[in-house]
Each structure stands twice: as structure tokens, then as C-alpha cells.
Participant: 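The structure follows.
Numbered from 1 within each chain, the chains take letters A, B, ... in sequence-line order.
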Number of protein chains: 2
Amino acid sequence: MIRLSKKVEYGLIAIRHIATKPAGEIVTAKEIADTYGIPYELLSKVLQKLTKSGLIASHQGMRGGYALARPPVEIPVSLIISAIEGTRQAIVQCLSEGPQTCTVFTVCTIKSPLTKVQANIERAFSTMNLSEIV
Amino acid sequence: MIRLSKKVEYGLIAIRHIATKPAGEIVTAKEIADTYGIPYELLSKVLQKLTKSGLIASHQGMRGGYALARPPVEIPVSLIISAIEGTRQAIVQCLSEGPQTCTVFTVCTIKSPLTKVQANIERAFSTMNLSEIV
DNA sequence: TTAATATACGACCGATGTAGTCCACTTTCA
DNA sequence: TGAAAGTGGACTACATCGGTCGTATATTAA
């Protein structure tokens, strides 16, 4: 019906893994990849995106790795998702991209009802934070 | 973040269009396609799927077309979506396809929290029926 | 200072899914 | 009987996804 990407799935698993460690402890991408059998390079990219959006902090070089950049309570699941999947914010094109790309925008009759559904889904993701999935 | 396909979008527009007509009135795919600028052949396929799942009834031959097969109140949006997108019922693979295809199934730590989100989304779609989007 | 270990990042590939098109067929009614 | 309608399979173009590869850069321990 509606699906989160593997990247998001890996991202959630990874950031949850980091969150289970004592605060400040650094975890390597390799450790996470090995633990869950996730392709290392792919996971790295995901972690880099999470880093860029400030959810986790990276430490380069030997004995480097990743740690949370804020307490778990301040990391809503919605942020994790949007950090990884930049675009695709809405369940239908018109809600996120508007008349430029949606071919039926002006005559579309389902925008307003879907806005409600959209809000519902967003609430589902934004009210749940990292501390609740640890 | 999460997106419905164009087919679903067209299906919602179409079935809503049918629902606005007096009960029992027959609407052709062409009329719908022309009204909303939707590719005719694509819309046809979508309507065929809605027919097969018993949400609308088709009438072949000249002066044929489509009409609702039940009152709008008995057509939840969730049924429209699953009729068109048969597969992909869950936000993550493991929730719909299980250990056969999910590579991290046994070690995945996010299944149970996501089940809650999943239920939330399903409720959003299943509690809204066609009569509410007309 | 150097080797090892780690992240950063762009290029690339194959599989899959999506949107759309084309065409032949069947059904029905005027 | 012919026009108008749905049925349905094959096909294409394109985007996205999942994954891989190679290289550069940063850090630290020896």
C-alpha cells in the first residue's frame, strides 16, 4: 500500500542501535552492518545522511564512528525518515510538489480529503520519537 | 516520505467521480479520462481492477460503462487502494512478506514499533470511506 | 612519521516498479 | 451489422532502489 525504503529501514535499525549504547559511546558503521547483516557501503551512506541532518555526530579517523547528536526524546521518527528520503514528503504528488508537476492539479478532486489522511500519517511519525523504539 | 501511486490517485478521482452521479447512472472511462486529463488506457486498467475487486460494476458493450457496486459508505479508501496496488500492504517489507524476503528479519529491531505506526496508517485509510471524499 | 582504521563521497550497475502506449479481442446495443 | 464500450496482454521509456566499487580524507596508535 505504502512503503518505507530499505534505506529508511536500515537507518531506523542503525540509529536505534546507537541509541541503545551508553550516551556518548561511539559505534562504527562496520559494527552495525555486521550485527544486522546490512551492506556496509549502503549503511554508510545512510549514516552520512543522518549526520548531515544533525541527528547523529560522526567522528572520523581511527577509533571513529557515530554517536547520537541529541537525546533520543528529541529525535522524532519523522525526522529520521525525511533525513534519509529528502523528497517524497506527501502521499500524493500534488501535496508536496504542486501544480508544476502534477498533471491533474487543477481538476483534482481528492486533494483536500487526502490532506487529512496526510496529516494523520505525519502525526503518526512525528509523535513517535527514538526513545520509544529503543 | 511515503507515496501513493498515480494509479491509486486516478482510481480515487475516478471512483469519486462515479459517486457524484445519481445512484445507478453509468459513467464511461472516456468521460472520466477527458474530464480530468487522465490517460484513457491507464485509467481503463485501474477501473478494471476496481471492477474485479467488486467496488464498481462494469457494463460492457455500447452504452456501457461503470457504476458503483455498493453505496459509498461501504467503500473504505483502504479497499480502493489495495484493489489497485494488490501488493505492498505494509510500510516495511517484513510486516507484509516476512522472513522469506526480508534479509534482516531475525535481527530486525524495529518491527514491533513500526507495527504501531502501521496500524495507525491503516486506520487512517480504513476509517475514511468514499462518502467522505465526495 | 607511518600504517591502520575510520568516515566522505561520487560513479556506476542491475533489478524492479511506474506511467504510459499500442493493439487485438469481446460484448452490447441501436 | 457496425459503432461504442470494456477486457486484457505486450511493450517501452524512465525513474528509483538496492547495492557495489574505488578513491579521498581524517584521525590516532605505534
Participant: Would you please confirm or rule out a distance under 4.0 Å between OP1 or OP2 of dG20(C) and any side-chain N or O of Y40(B)?
Facilitator: no
Participant: Tell me: CG of L50(A) to C1' of dT7(C), nearest whole Å?
Facilitator: 14 Å
Participant: Using a 4.0 Å heavy-atom cut-off across all strands, classify K52(B) as base, sugar-phosphate, or nothing.
Facilitator: sugar-phosphate
Participant: Near DNA chain C, counting only heavy atoms under 4.0 Å, which residues of residues 10-39 of chain A show up?
Facilitator: T28(A), A29(A)
Participant: Can you list everything that forms a side-chain contact (heavy atoms from CB on, under 4.5 Å) with T20(A)? Sequence neighbours excluded, please.
Facilitator: R16(A), V134(A)
Participant: How close or far is atom C1' of dC14(D) from atom CG of L42(B), stated in whole angstroms?
Facilitator: 15 Å
Participant: How would nucleotides 21-30 of chain D be written as a contact map, 5' to 3', with B for base contact, S for sugar-phosphate-only contact and - for no contact, using protein heavy atoms under 4.0 Å?
Facilitator: B----BBBS-
Participant: Identify all side-chain donor-acceptor contacts of residues 31-48 of chain B below 3.5 Å with residues at least two apart in sequence or on another chain.
Facilitator:
{"residue": "E31(B)", "atom": "OE2", "partner": "H17(B)", "partner atom": "NE2", "Å": "3.0"}
{"residue": "E31(B)", "atom": "OE2", "partner": "K21(B)", "partner atom": "NZ", "Å": "3.2"}
{"residue": "D34(B)", "atom": "OD2", "partner": "K30(B)", "partner atom": "NZ", "Å": "2.8"}
{"residue": "T35(B)", "atom": "OG1", "partner": "E31(B)", "partner atom": "O", "Å": "2.6"}
{"residue": "Y36(B)", "atom": "OH", "partner": "H17(B)", "partner atom": "ND1", "Å": "2.7"}
{"residue": "S44(B)", "atom": "OG", "partner": "Y40(B)", "partner atom": "O", "Å": "3.0"}

Participant: Holding to side-chain hydrogen bond (donor to acceptor under 3.5 Å, both in side chains), I want the full list of residues that pass it with S131(A), two or more places apart in sequence or in another chain.
Facilitator: N129(A)
Participant: Which residues pass the side-chain hydrogen bond (donor to acceptor under 3.5 Å, both in side chains) test with K7(B), sequence neighbours left out?
Facilitator: none
Participant: For a quick check of understanding: with a heavy-atom distance under 4.0 Å over all strands, which category does S58(B) fall into, base, sugar-phosphate or nothing?
Facilitator: sugar-phosphate
Participant: What is the distance, to the nearest angstrom, from the CG atom on L43(B) to the C1' atom on dT7(D)?
Facilitator: 14 Å
Participant: Rounded to whole angstrom units, what separation is found between the CD atom of E85(B) and the C1' atom of dT18(C)?
Facilitator: 10 Å
Participant: For residues 57-75 of chain A, dump all side-chain donor-acceptor pairs below 3.5 Å to protein atoms at least two apart in sequence or in another chain.
Facilitator:
{"residue": "R70(A)", "atom": "NH1", "partner": "E74(A)", "partner atom": "O", "Å": "3.1"}

Participant: Using whole Å, report how far CD of Q48(B) lies from P of dT27(C).
Facilitator: 14 Å
Participant: Using whole Å, report how far CD1 of I84(B) lies from P of dA19(C).
Facilitator: 11 Å
Participant: Mind checking side-chain contact (heavy atoms from CB on, under 4.5 Å) for K111(A) and listing every partner two or more places apart, or none if nothing turns up?
Facilitator: C94(A), F105(A), C108(A)
Participant: Kindly give the heavy-atom pair with the smallest separation between G11(B) and L50(B), and that separation in Å.
Facilitator: O-CD1, 4.2 Å
Participant: Over all heavy atoms of both residues, which pair between S53(A) and A83(A) is shortest? Give the atoms and the distance, please.
Facilitator: OG-CB, 3.0 Å
Participant: Salt bridge (charged side-chain N to carboxylate O under 4.0 Å, His left out) with K49(B): which residues, sequence neighbours excluded?
Facilitator: none
Participant: Measuring to OP1 and OP2 of dA8(C), would you say a side-chain N or O of Y66(A) lies under 4.0 angstrom away?
Facilitator: yes
